[in-house]
Amino acid sequence: MAKKVLIIGGVAGGASAAARARRLDESAQIIVFERGPYISFANCGLPYHIGGEIDSRDKLLLQTPDSFNNRFNVDIRVHNEVLAIDKQAKTITVRDTVAELTYTESYDALVLSPGAGPFVPPISGIDNHLTHTLRNVPDMDAIISSIEINKPEHATVCGGGFIGLEMAEALRFRGIAVTLVELAPQVMAPVDMEIAAVLHEELQLQKVELKLGKALQETAPCAPADKSLTLRLNDGSTLETNLLIMAVGVKPETSLAEQAGLETGELGGIKINEFMQTSDASIFAVGDAIEDPEFVTGDAMLAPLAGPANRQGRLAANNIFGAAESYKRTQGTAICKVFDLAVASTGLSEKTLQRKAMPYEKVYVHAASHAGYYPGAHPVTLKLLFNPETGAILGAQAVGKDGVDKRIDVISVAQRAGLTVYDLQDLELCYAPPFGSARDVVNQAGLVASNVMKGDEVIFHSEELESLSDKQMLVDVRTQAEVSNMGLIPGAFNIPVDELRANLIKLDKNKEILIYCQVGLRGHVASRLLTNLGYTVKNLSGGFKTWKAFNY
């Protein structure tokens with residue numbers, strides 16, 4: 001007897017589950033329910049249409065109900081909202097909002113892909129016609145309509161995550177002044193502060209006003225004809241704005257699951273097992289609504305990302321039709337364009353490692369995106385986190401104008417393959433002057449981390465410079481010209497690396513010598529020289545450049 005599979009929600013998770021189910025079984029009855037008007041759209045592209053980089057709205061509509069049905073013979077029901085699940089009877093209750101009728105459908109297997117909705121804090125006055133969220137095509141249309149009708153001179157974006165940063169960029173591209181308000185002390189929570197500091201500098205360069213460590217507390221009442229809002233922040237300050245974008249985060253859509261008595265986790269998402277099954281074996285869940293197992297630890301995490309949702313939808317369909325395939329956890333690999341920069345990460349951040357009390361070491365590499373002598377090379381800053389005992393890769397972050405994606409992709413693959421930092425130095429990556437260097441950024445990170453693992457180099461970090469003792473000497477080995485242009489770290493004195501041998505008398509062998517240069521390479525040369533001469537030496541990982549970002 002042919003299976004009947006019902007799928008609640010489309011886009012990445014639901015649509016991939018439906019397409020895979022049909023490829024596995026031509027006789028199955030497959031129905032997809034979507035409460036909105038669109039079954040498959042590029043939600044990651046919404047800000048880029050608002051900003052004008054994607055010129056045609058139609059390019060965001062990946063499949064229509066007719067095109068999806070023509071290709072896969074799947075019954076697509078848009079404007080059909082699922083109201084309830086009866087897991088004992090294996091039925092769902094559906095409301096057709098166009099025909100204004102309610103009906104039931106039975107199932108053999110049910111896939112939940114309801115996604116996550118924007119989280120809007122209960123702020124006084126927030127419900128007004130100038131305040132918007134961005135999660136789907138109608139939201140995008142409403143923002144564009146507000147811009148065209150009200151012609152705002154100033155917009156405020158609350159939230160410095162992916163959507164918040166992309167919307168700040170989109171609004172600036174439209175010539176609108178932008179203030180970005182973020183409760184945390186940094187934007188882009190998945191990366192650490194010293195990486196985010198590079199983004200802060202870029203945002204200010206692009207004339208985005210940053211209000212970090214601040215939160216929206218209330219908005220003044222706004223009449224329908226008004227074209228401005230008064231916003232009050234938690235520090236008591238106020239600002240006038242003509243458009244407010246709430247992008248403070250998303251929360252898993254779990255109301256149907258909870259009503260059906262399915263288990264949810266401590267993070268608020270639907271609990272699933274390795275086969276994508278919920279606490280009811282006939283009901284599967286995928287995408288933004290679930291709690292993913294994090295790759296390194298297996299702990300629950302929320303990962304509202306299209307890649308994992310797509311893989312989960314496919315896996316759920318495989319298991320519905322007889323497979324017993326396990327989900328291989330989520331690394332959280334992600335990237336975001338911030339004007340002329342890209343920032344990307346994979347695995348665990350230092351903040352997360354500290355919160356979980358996991359042992360780790362870190363190294364920083366600042367290198368060119370391709371051979372420096374070929375035109376167009378740009379700096380790439382890479383942070384690599386690893387287990388100090390085994391060399392296992394725990395996470396990585398990178399920021400720069402070019403080549404950020406491929407470096408994080410390589411490290412993501414290495415982590416998933418179980419490679420260590422020792423293996424990174426031996427990876428054979430593409431090289432020609434327009435594309436890379438003979439020793440790629442990833443190779444360099446592996447070499448530095450391997451040196452630390454083997455004890456060939458002892459490093460220290462910027463935060464340790466907050467409390468120097470009288471048993472330490474801080475030595476800057478950059479050139480005098482660099483020191484004149486950029487200054488010294490407080491407490492340091494300058495001996496250029498090429499003059500070090502001639503000035504050994506200035507160094508006290510009874511003290512620990514803390515060396516730094518601009519990015520760490522000359523510091524390594526100096527530390528090896530002094531170590532071989534019997535000095536106790538540490539080199540500042542990432543050098544002056546990382547210290548500057550750390551103290552931004």
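Count residues from 1 along the sequence.
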*Asks:* Taking NZ, NE, NH1 and NH2 as the nitrogens, is one of them in E53 or K337 under 4.0 Å from a carboxylate oxygen of the other?
*Replies:* yes

*Asks:* Using the rule given for salt bridge (charged side-chain N to carboxylate O under 4.0 Å, His left out), can you reason through K356 versus E294, listing the C-alpha separation, both sets of side-chain angles and the distance that settles it, and then say yes or no?
*Replies:* CA-CA 13 Å; K356 292 178 179 290; E294 187 274 317; 5.5 Å; no

*Asks:* List the residues meeting side-chain hydrogen bond (donor to acceptor under 3.5 Å, both in side chains) with T179, not counting sequence neighbours, and say none if there are none.
*Replies:*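 side-chain hydrogen bond (donor to acceptor under 3.5 Å, both in side chains) check on T179 returns H154, E209.
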
*Asks:* So, Q354 versus Y360: side-chain donor-acceptor pair below 3.5 Å or not?
*Replies:* yes

*Asks:* Going from CG on L530 to CG on N539, what distance comes out if it is rounded to the nearest 0.5 angstrom?
*Replies:* 10.5 Å

*Asks:* Can the ring centroids of W547 and F550 be said to lie less than 6.0 angstrom from one another?
*Replies:*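 Centroid separation for W547 and F550: 6.0 Å or greater.
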
*Asks:* Charged N to carboxylate O under 4.0 angstrom, R135 versus E253?
*Replies:* no

*Asks:* Kindly indicate, with the supporting measurements, whether the criterion side chain to side chain contact (heavy atoms under 4.5 Å, CB included) is fulfilled by L424 and L419.
*Replies:* CA-CA 8 Å; L424 294 182; L419 304 184; 5.6 Å; no

*Asks:* Any side-chain donor paired with an acceptor under 3.5 Å for T333 and S412?
*Replies:* yes

*Asks:* Parallel, tilted or perpendicular: which fits the ring planes of Y516 and F544, with parallel below 30° and perpendicular above 60°?
*Replies:* parallel

*Asks:* When you check the gap from the basic side-chain N to the acidic O, do D292 and R311 get nearer than 4.0 Å?
*Replies:*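 Not counted as a salt bridge, because no side-chain N and carboxylate O are separated by less than 4.0 Å.
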
*Asks:* Is it true that D440 and R407 have a side-chain N and a carboxylate O under 4.0 angstrom from each other?
*Replies:*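 Yes, charged N to carboxylate O under 4.0 Å.
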
